[in-house]
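Remarks on the structure that follows.
Just the heavy atoms: all of them, side chains too, but no hydrogens, waters or symmetry mates, feed the values below. Values in this document were obtained by computation on a predicted structure and should not be read as measured data. Letters A, B, ... are given to chains in the order of the sequence lines, protein chains preceding strands, and every chain is numbered from 1.
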Amino acid sequence: MPMTKRRILVTSALPYANGPIHIGHLVEYLQTDIWVRFQKLRGNDCRYMCADDTHGTAIMIRARQENRSEEELIAEMQASHERDFADFEIEFDNFGSTHSDENRELCAEIWQSIRDAGLVKEKDVEQLFDTEAGTFLADRFVRGTCPKCGATDQPGDNCSSCGSTYSPAELVDPKSTLSGTTPEIRSAKHLFIELEQLHEFLNDWTQSDDRLQPEIANYLKGHFLGDPLRDWDISRPAPYFGFEIPDSPGNYWYVWFDAPIGYIASTKQWCDKQGEKLDDWWKSDDCEIHHFIGKDITYFHTLFWPGMLKTAGYRLPTKVHIHGFLTVDGEKMSKSKGTFVNARTYLDHLNPSYLRYFYASKLSAKVDDIDLSLDEFIAKVNTDLVGKVVNLASRSAKFVAKVGLSAEYPDDGGLFEHAAAVGDQIAEAYEACDYSRAMRLIMGLADRANPFVEENKPWELRKDAAQAQQLQDVCTIALNLFRQLAIYLSPVLPRLAEQTGELLGDPITNWDQAKTPLVGTPVNKFKHMLKRVEEKDLKTMIEESKETGEAASAAGETATFEDKWNDGGEALAAEPRAEECSYDDFMKVDLRVARIVSAEQVEGARKLLKLRLSLGGGETMQVFAGIKAAYEPEQLVGRLVVCVANLAPRKMKFGLSEGMVVASGPGGSEVFLLSPDDGAVPGQRVH
RNA sequence: GGUCCGGUAGCUCAGUUGGUUAGAGCAGGGGACUCAUAAUCCCUUUGUCGGGGGUUCGAGUCCCUCCCGGACUACCA
């Protein structure tokens with residue numbers, strides 16, 4: 001181990017203040033917390049900074065909907081976030097907020113540097129403005145008809161039907177999803193950063209010194225750096241919840257400008273409290289800076305952010321560690337399946353150590369998604385943690401509760417020494433963020449320790465008073481081997497390390513404690529350290545997540561009359577009621593009951609199934625429906641559905657689609673076909 | 001479509017710069033033990049290392065090609 005003490009500043013991405021922490025977020029915070037705890041255990045001067053990300057249109061809109069101030073909303077969210085993190089034993093050195101004085105000042109300072117460097121330019125941008133809501137509309141708050149293919153109800157940026165991209169202003173018949181009204185096109189002055197001026201620097205920075213995982217460096221090279229970099233639209237016109245740009249009244253910094261500066265602002269807060277100098281951390285070559293982020297925000301952290309830092313004279317990140325997303329049982333987290341589990345819901349039912357260990361056992365330095373298989377979760381925690389590790393202590397501690405550990409460490413056939421040596425490999429694995437490898441190595445050690453106990457049978461030795469010394473020696477060895485494991489696991493399982501410290505009267509504070517056996521100390525009464533995971537607790541958690549998924553959104557809405565089904569307002573909010581239409585308008589759409597007579601996969605299509613609908617009497621239609629992720633062809637054949645029978649046929653990549661099947665839901669696997677009640681027959685019109 | 005990452009025992013994966021009969025954990029089967037939260041220990045079954053070509057004395061490991069799975073696809077966040 002290098003004896004020079006490294007100074008390391010670490011960050012996780014800032015959680016956004018419009019929702020609670022869930023188990024997907026926790027992949028990142030746990031990954032980071034483990035790394036930080038490891039560094040601290042190694043004796044490095046490591047600090048972990050984070051903050052809530054509080055600005056942007058989404059916060060503004062939500063505060064309005066909940067009829068309160070943004071400040072109140074973000075304060076409440078922050079309190080909730082901090083509670084969740086604390087209960088998962090995620091320990092920040094400072095947890096700030098992007099809505100802070102420190103951040104405002106730093107934004108202004110960095111902004112000025114970017115201005116001075118000649119990177120800012122002004123351009124007029126045409127954007128849709130919702131006159132009723134009194135706000136410009138981000139692309140995702142607009143829906144309308146695709147200018148290219150005529151598909152209706154498409155988002156403001158690209159068409160999900162034909163895939164073409166356009167600006168919201170090009171949409172035919174656009175509607176605001178906030179008010180349902182037709183927005184008008186307004187031109188506004190936006191400020192842009194000419195990133196292209198930094199192209200060469202970014203090319204070099206991203207491709208050298210192992211700052212990024214190879215697949216990421218490669219990806220940037222192919223996707224962004226191969227072409228001229230586009231100007232980055234850094235301002236938003238009022239109204240906007242954020243910081244107003246000092247030299248451009250009426251314009252606000254876009255949330256992605258001030259969010260990463262929040263890393264520095266949080267550090268500043270900490271420095272002020274600790275009497276440290278900010279420049280020693282953010283402008284010093286003696287300090288390492290490590291960012292941990294999810295793959296979704298790669299380009300903000302690997303292009304814009306280094307560009308900003310470079311221009312403003314700050315030091316650049318040593319490394320950006322990028323992780324994948326969480327899937328549960330091989331699928332995206334889903335509210336309806338109950339796999340969208342909030343941190344709080346988890347804590348209500350399960351021990352945080354379980355998840356800490358499970359994630360550690362799955363995480364590597366790669367960008368791959370990690371899967372939380374519920375069966376595997378139970379097996380891993382119970383077998384590894386309870387069966388192999390904790391069991392070592394619980395089967396030997398009580399035999400020496402009275403006498404303590406032997407005065408000298410007995411001959412153990414090289415077990416302790418071996419485990420001490422493996423410690424270097426484990427440390428390397430932690431350092432490289434290859435936690436799954438670290439966990440494998442540690443469990444390999446546990447697999448050597450248990451047979452030792454088995455062979456030496458302390459439970460027999462204790463029956464013979466003449467073998468008291470032997471008994472004490474065997475338990476001394478077992479407990480020391482256990483303690484080594486607890487030390488190696490302590491970045492992942494701080495609570496277990498604490499309990500081990502209490503049991504043996506020697507707190508675990510340093511990695512090198514694993515190199516020297518503990519002898520001659522008393523052993524305290526053994527207390528249970530970790531319970532097995534009960535499948536029923538896991539099931540209850542999943543069930544509860546199904547309920548809260550629906551109820552959560554309702555909580556913020558105005559409480560309604562007799563809402564006995566507890567239906568949330570989320571779906572309606574996402575897509576408000578359309579403008580009034582006349583009966584004649586309605587009758588233009590010919591809805592019919594139809595029977596699916598065949599359904600098949602379409603080769604090469606990602607979302608589509610090819611259906612043949614029968615309207616009875618031999619009349620059929622071919623329809624391509626985007627329901628592949630939600631339905632198997634076999635389960636569709638024979639069922640009745642409602643279809644649009646007079647929709648203009650559309651030529652699709654895979655053939656002609658002559659109609660539409662009516663369904664609800666946001667899309668993907670969340671698509672719900674409508675079924676008529678019994679008695680309906682194909683061909684009947686719906687009205 | 002493009003880019004990238006994968007495809008090794010039923011499952012999750014390890015296999016370093018190519019080198020003897022391909023490994024671990026879990027699950028399965030058999031046995032032992034009873035100190036421990038039915039934990040632990042011993043023995044044990046299973047693989048055309050995605051397919052096909054090639055380079056080599058020798059390939060899971062290198063090259064080509066095909067098949068399959070996944071992620072990403074910015075100018076929304």
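Between the CD atom of A:E455 and the C1' atom of B:rC33 there is a distance of 13 Å, given to the nearest Å.
Listed by first and then second residue, the ring pair (Phe, Tyr, Trp, His ring centres under 6.0 Å) pairs involving residues 434-474 of chain A are A:Y430-A:Y435 (not counting sequence neighbours). Residue pairs meeting the salt bridge (Lys or Arg N to Asp or Glu O under 4.0 Å) criterion with at least one partner in residues 442-456 of chain A, sequence neighbours excluded, are A:K388-A:D447, A:R395-A:E454. Here ring pair (Phe, Tyr, Trp, His ring centres under 6.0 Å) pairs that include residues 352-372 of chain A, with residues two or more places apart or in two chains, are A:F358-A:F377.
Among B:rC5, B:rA74, B:rC76, the nucleotide with an atom closest to any side-chain atom of A:D368 is B:rC5. Counting only heavy atoms from C-beta on, A:H528 has its side chain closest to B:rU37 among B:rC13, B:rU37, B:rC72. Of the candidates B:rC72, B:rC13, B:rU34, B:rC13 carries the atom nearest the A:K362 side chain, counting heavy atoms from C-beta on. The side chain of A:E376 sits closest to B:rU12 out of B:rC35, B:rU12, B:rC72. For A:F224, taking side-chain heavy atoms from C-beta onward, the closest of the listed nucleotides B:rU34, B:rA74, B:rA36 is B:rA74.
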How is the base pairing of RNA chain B summarised as a dot-bracket string, given the Watson-Crick and G-U wobble criteria with both distances under 3.5 Å, [ ] for crossing and | for another strand?
(((((((..((((.....[...)))).(((((.......))))).....(((((..]....))))))))))))....
Please tabulate, for side-chain N and O atoms in residues 530-538 of chain A, each donor-acceptor pair with protein atoms closer than 3.5 Å (sequence neighbours left out).
unit_1, atom_1, unit_2, atom_2, d
A:E535, OE2, A:K539, NZ, 3.1

Is there any protein nitrogen or oxygen under 3.5 Å from a nitrogen or oxygen in nucleotides 39-41 of chain B, and what are the pairs?
unit_1, atom_1, unit_2, atom_2, d
B:rA39, OP1, A:R532, NE, 3.4
B:rA39, OP1, A:R532, NH1, 2.9
B:rA39, OP1, A:R532, NH2, 2.7
B:rA39, O5', A:R532, NH1, 3.1
B:rA39, O2', A:G387, O, 3.4
B:rA39, O2', A:N391, OD1, 3.2
B:rU40, O2', A:R395, NH1, 3.2
B:rU40, O2', A:E454, OE1, 2.7
B:rU40, O2, A:E454, OE2, 3.3
B:rC41, O4', A:E454, OE1, 3.4

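The ring-ring contact (aromatic ring centres under 6.0 Å, His included) test with A:F292 singles out one residue from A:H321, A:H323, A:H301, and that residue is A:H321.
Scored by the salt bridge (Lys or Arg N to Asp or Glu O under 4.0 Å) test, A:E431 finds A:R6 as partners (sequence neighbours excluded). Applying the salt bridge (Lys or Arg N to Asp or Glu O under 4.0 Å) rule to A:D369 yields the partners A:K295; only residues at least two apart in sequence or on another chain are considered. Take A:F136 and apply the ring pair (Phe, Tyr, Trp, His ring centres under 6.0 Å) test, not counting sequence neighbours, and it matches A:F129. With sequence neighbours excluded, the residues satisfying salt bridge (Lys or Arg N to Asp or Glu O under 4.0 Å) with A:K121 are A:E194, A:D231. Taking the salt bridge (Lys or Arg N to Asp or Glu O under 4.0 Å) definition, one finds that A:K332 meets it with nothing, sequence neighbours left out.
At the phosphate of B:rA36, OP1 or OP2 sits under 4.0 Å from a side-chain N or O atom of A:K398. The side chain of A:R236 places an N or O atom within less than 4.0 Å of a non-bridging phosphate oxygen (OP1 or OP2) of B:rA77. Put simply, A:Y299 has no side-chain N or O that comes within less than 4.0 Å of OP1 or OP2 on B:rU73.
Contacts between residues 462-483 of chain A and RNA chain B, defined by a heavy-atom separation below 4.0 Å, involve A:R462, listed by number.
Heavy atoms of A:D233 sit nowhere under 4.0 angstrom from any nucleic acid atom. Counting any heavy atom pair closer than 4.0 Å across all strands shown, A:V367 reaches no nucleic acid atom.
A salt bridge does not link A:K463 to A:E460: none of the charged nitrogens lies less than 4.0 Å from a carboxylate oxygen.
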